[in-house]
*Asks:* 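Just passing along the structure, written as structure tokens.
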Amino acid sequence: MTETRDYRPTVFLPKTDFPMKAGLPQKEPGILARWEEIGLYEKLRAAREGREKFILHDGPPYANGDMHIGHALNHVLKDTVVRTQSLLGKDAPYVPGWDCHGLPIEWKIEELYRKKKKNKNEVEPKEFRKECRDYAQKWVDVQREQLKRLGIGGRWDKPYLTMRPEAEGAIVAELHKFAETGQLYRGAKPVMWSPVEETALADAEVEYQDLTDSPQIDVAFEIVESPIEELVGAHAVIWTTTPWTIPVNQALAYGPDVSYWLVRANDGRDYLVAFKLVEDFLKRTGLNFRDSGDSIPNTDSELAAFVGKLHFKGSDLAGTVTRHPMHRLGGFYAKPRPLLPGDFVTTDSGTGIVHMAPDHGEDDFDLCRAHGIDPVFAVMGDGRYRDDWLWLGADDVDADGKERRRSVINKPFNSPEGPICSDLREAGALLSASADYAHSYPHSWRSKAKVVYRCTPQWFIAIDEKLGHIDGAPTLRGRAMEEIANTRFVPEKGRRRLSSMVEGRPDWLISRQRAWGVPLALFVHRESGELLVDPEANARIQQAIAAETVDAWEEARAAEFLGPDRNPDDYEMVTDILDVWFDSGSTHAFVLESDEWPELQSPADLYLEGSDQHRGWFQSSLLESCGTRGRAPYKAVLTHGFTMDAKGFKQSKSLGNTTDPNKVMEQFGADIIRLWALSVDFTEDHRIGDEILKGVGDTYRKLRNTFRYLLGALGDFDYDKEAVNFADMPELERYMLHRLSLLDANLRRAIDDFDFNEYVRALSEFTNEDLSAFFFDVRKDRLYCDDPKGLERRAYRTVLDILFQALIRYISPVLVYTAEEVWSTRFPDRDSIHLEELHVLPGEWPDEALATRFDALRELRETVTEAIEPLRREKTIRSGLEADIIVPESAVPAGFSDAELADLFITATVTRGQGDGVTVSRTSDHKCGRCWRLLPEVTEDGALCGRCDGVVAEMDANA
RNA sequence: GGGCCGGUAGCUCAGUUGGUUAGAGCGCACCCCUGAUAAGGGUGAGGUCGCAAGUUCAAAUCUUGCUCGGCCCA
């Protein structure tokens, strides 16, 4: 009789060439090449011309080394901000930049010299800087290619570099603004100084290492004068870990609120020591009480017995004067060493009396300056004492009787057997000396050598002077604080972090004694010591540097810069260079305000960097801009955390737990890294690792397959001929447009909040839950089997088209390559998805009443699938299509027919019953040979249902 | 050592001003489909909310201490 016909060719299956497997590592470079070929970035600029601008200003990464995961995260976030703003229709240009000057690069070049046994001092500064410049340029080029490969869109043909001569000239111009407005001063202040590199170091250039063999000594200073009679002739004891500072001791400090005790020791002397530290003191020195009856009081009553006896409050010590252990040498050492009150004195360690060397400590300097005691500048740049310094220890003499001048960080110099200690011991002043103290001590992060505090002439920007040139502004610090209050912070906690740093910071030390950087192009009058303030001279300097690079700043040209009315011999030319934070703090000036990038403007809408930049770029930019312009260079600041390894630990090369984004791109593709960066909570520290990347890959495949389905279902869709009006659509289609409207609002809010985690999550959940598991599944039958001319199938495809148009735009800032691949598959003749804007969705789509009914229906649907499950387990039925369902009448939302329910539940039939549970049984109907539904109208398995019969008949007729 | 920030299922994340049984997606296990097929659908098992005290009728949520991790600083 009737042989079973194979109806497969009559079913409208999705058809597309878009592959399920992505092959991103192979595919992405080709897509990137095409973008460059068509000039995508320029096309986008042209397309958005005249629109509202959104300026994200790029914080310059340092031009050294390959792109690492931190760069990748940072740039993906920046790119996503730019692309999402562009999706909203704004003109959002992106000009990337690099930080090129500074010690790390200089150090690299010096390292190369050392390998070649070449001495830096024998090389012309110009030649040396040229090598630094070439080195920086090399890494700029490397990083640029890596960032492009990541899919970061921007002005790659003209990035800003801090070493471009135009930038160097502009940075000098910014410095001159500070000079011309009186905010710049030269001060002698102890700064972190590396004797090895012979330069002052910024905080960021210093690292702390734990030492266990540092020297510690107790030194007695004889009291020669005091309002307290018992103290005269006694000894004040200081404790220090830096014996080398004793030669420049100038005073002692006590804590006004600290309690002191005069210890009558068994060596016959009386020692003044903080009460709380007596025990430690005796232990270190091996001394004991002179009278066996004395002991350290343990109880309050024992202590009370001492009060008024040999027990003093710190403030009582005012007016007490000691003399230096080496006072017999006369001169500097013969001067009195007064006891001064210092709030910084604690009783955590030592003796509660602190020796003051204003040359070598911040507290020391400040306290001494307040009492008219000046530093003596005895230690030179290489860490050695001046040749003419009177005393450094008698045995610091070589075999020929010639004095050896050792660096102060030299270990033997500071050792208990060293020259300082030996002489102190001989003078009877050394009460203890050992080399076993454990603490952390600052080292240069480049040379790993110890650094010291050293007083040197340095240039500072004053933080607490009134800003006379800016109307209504208080001090620089004050204005910066006001501007922090006016700035948006994402996340909000960044505000507190930045303000507490600005609140507590000292004046800005901007000078460095190095070669690779922008000069502090200033003249100082030799006689008056005054800074030359001459806008015309300054302009000549700026122009020369902008034209010829920093090489223009050389002695030979002093006359040219000073002009005909001044004698170059009268002026000292400053040869220091600027802190690189001043360079990058000025980017808003030489990038955002520059004519070279007319697409930019200032202030920027957003600065976006890692949370470490609260100390760095956010702050230097804020101070630079407030000092010169009286306002912040940004309207908003977004910070991200750091990327840890899979277990939440810091990534480091030495631990071998780093994830290299370049390798991830090779292995999985740039889109995977991008999706990862946007999936984690970047406002906090977050992790990366194999398992996490695998999960990201799963999310990616689901999104990709959703697009593959849409492409397949819409392969032959012709909007003009097929589209159905909203009003004519079935309710499910209208409900999906409601859901899309919600998603759209959600995503737009996420864009405004820079909440990309939410953005990706919302998008991913929508495709999983609303589309794949619900809408696509329910409408599968209609797509495959309905009459193509029928309203229902056309309505479905119309919504699929709407979904496609929306989703491809939503995903385009995230999966930049895949979005393009999808777009070009559907529209091979169009330029790029990345030129598109979000559509404004029709206001008629949201329908709360409809949504309430469908939301309830989906809940019922869950109950139904749950009820079907046991029958499938026992193999009574295989799929829901074989199930007859009875649902409680009361559980069904209004307005659904039984047939609609069967469609929505993907079951054979649905009827309503009175009970409160769902009943499931196997249907007795037969299976349609084409659509596989089990329906009463199908006479036998394999025969056709009415719908399929009609469709097949028409196809046959047209064949 | 100090300041600030964080610790919720295997993973990525939600959890309003303290208020039923702490949620989602993914993964995993099991099942179905074999006409989205290296895809699709379903069901299920996973949590002492870092630990310990405290406040409260009630704590993932508030307080304190500790611990682990991070950033910045010394």
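Labels below follow one simple rule: chain letters A, B, ... track the order of the sequence lines, proteins then strands, and each chain is numbered from 1.
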*Asks:* Between A:Tyr700 and A:Thr818, is there a side-chain donor-acceptor contact under 3.5 Å, judged purely by atom types and distance?
*Replies:* yes

*Asks:* A:Arg922: what forms a side-chain hydrogen bond (donor to acceptor under 3.5 Å, both in side chains) with it, not counting sequence neighbours?
*Replies:* A:Glu882

*Asks:* Could you note down all residue pairs passing salt bridge (charged side-chain N to carboxylate O under 4.0 Å, His left out) where residues 854-866 of chain A supplies at least one of them, sequence neighbours left out?
*Replies:* A:Asp770-A:Arg858

*Asks:* What residues form a salt bridge (charged side-chain N to carboxylate O under 4.0 Å, His left out) with A:Lys493, not counting sequence neighbours?
*Replies:* A:Glu684

*Asks:* Write down the protein N/O and nucleotide N/O pairs, taken from nucleotides 1-4 of chain B, whose separation is under 3.5 Å; answer none if there are no such pairs.
*Replies:*
none

*Asks:* Do nucleotides 21-28 of chain B as a string where each nucleotide becomes B, S or -: B if the base has a protein heavy atom under 4.0 Å, S if just the sugar-phosphate does, - if no protein is that close.
*Replies:* ---SSSS-

*Asks:* Taking B:rU61 as the reference, what is the distance to B:rA52 when you measure between their P atoms (whole Å, please)?
*Replies:* 12 Å

*Asks:* Look at the side chain of A:Arg872 and decide which nucleotide, out of B:rU12, B:rC71, B:rG42, has an atom nearest to it.
*Replies:* B:rG42

*Asks:* Suppose you measure atom C1' in B:rU63 against the same atom in B:rU55; what distance do you get, rounded to whole Å?
*Replies:* 7 Å

*Asks:* B:rA60 and B:rG7: how far apart are their P atoms, nearest whole angstrom?
*Replies:* 15 Å

*Asks:* Does atom CG (A:Asp690) have a neighbourhood of more than 12 heavy atoms from anything else shown, all under 6.0 Å?
*Replies:* no

*Asks:* The criterion is salt bridge (charged side-chain N to carboxylate O under 4.0 Å, His left out); which residues satisfy it with A:Asp6, sequence neighbours excluded?
*Replies:* none

*Asks:* Taking the side chain of A:Ile692 as heavy atoms from C-beta outward, which of B:rG35, B:rC11, B:rC13 is closest to it?
*Replies:* B:rC11

*Asks:* Check the distance between B:rG42's P and A:Arg878's CZ and give it to me in whole angstrom.
*Replies:* 19 Å

*Asks:* Restricting to side chain to side chain contact (heavy atoms under 4.5 Å, CB included), what partner residues turn up for A:Thr659, sequence neighbours left out?
*Replies:* A:Gln651, A:Val664, A:Ile688

*Asks:* Please examine the side chains of A:Arg454 and A:Pro190, heavy atoms only from C-beta on, and report whether any two atoms are closer than 4.5 Å.
*Replies:* no

*Asks:* Please say whether the positively charged group of A:Arg674, taken as NZ for Lys or CZ for Arg, lies over the ring of A:Phe668, i.e. under 6.0 angstrom from the six-membered ring centre and within 45 degrees of the axis.
*Replies:* no

*Asks:* With sequence neighbours left out, write down each residue that passes side-chain hydrogen bond (donor to acceptor under 3.5 Å, both in side chains) with A:Asn657, or none if nothing qualifies.
*Replies:* A:Asp645

*Asks:* Given B:rC72, B:rC71, B:rG6, which nucleotide is nearest the side-chain atoms of A:Glu684?
*Replies:* B:rG6

*Asks:* Pairs counted as Watson-Crick or G-U wobble with both distances under 3.5 Å: what dot-bracket string results for RNA chain B, using | for bases tied to another strand?
*Replies:* (((((((..((((.....[...)))).(((((.......))))).....(((((..]....)))))))))))).

*Asks:* Tell me whether A:Glu609 contacts the main-chain N or O of A:Gly59 through its side chain, where contact means a donor paired with an acceptor under 3.5 Å.
*Replies:* yes

*Asks:* By salt bridge (charged side-chain N to carboxylate O under 4.0 Å, His left out), which residues pair with A:Asp698, not counting sequence neighbours?
*Replies:* A:Arg701

*Asks:* Anything under 3.5 Å between a protein N or O and an N or O of nucleotides 43-48 of chain B, put it in a table, one pair a line.
*Replies:*
| residue | atom | partner | partner atom | Å |
| --- | --- | --- | --- | --- |
| B:rU43 | OP1 | A:Thr865 | OG1 | 3.1 |

*Asks:* Tell me what A:Lys875 touches on the nucleic acid: a base, only sugar-phosphate, or nothing, going by heavy atoms under 4.0 Å.
*Replies:* sugar-phosphate

*Asks:* Going by salt bridge (charged side-chain N to carboxylate O under 4.0 Å, His left out), name the residues that satisfy it together with A:Asp801, two or more places apart in sequence or in a different chain.
*Replies:* A:Arg826

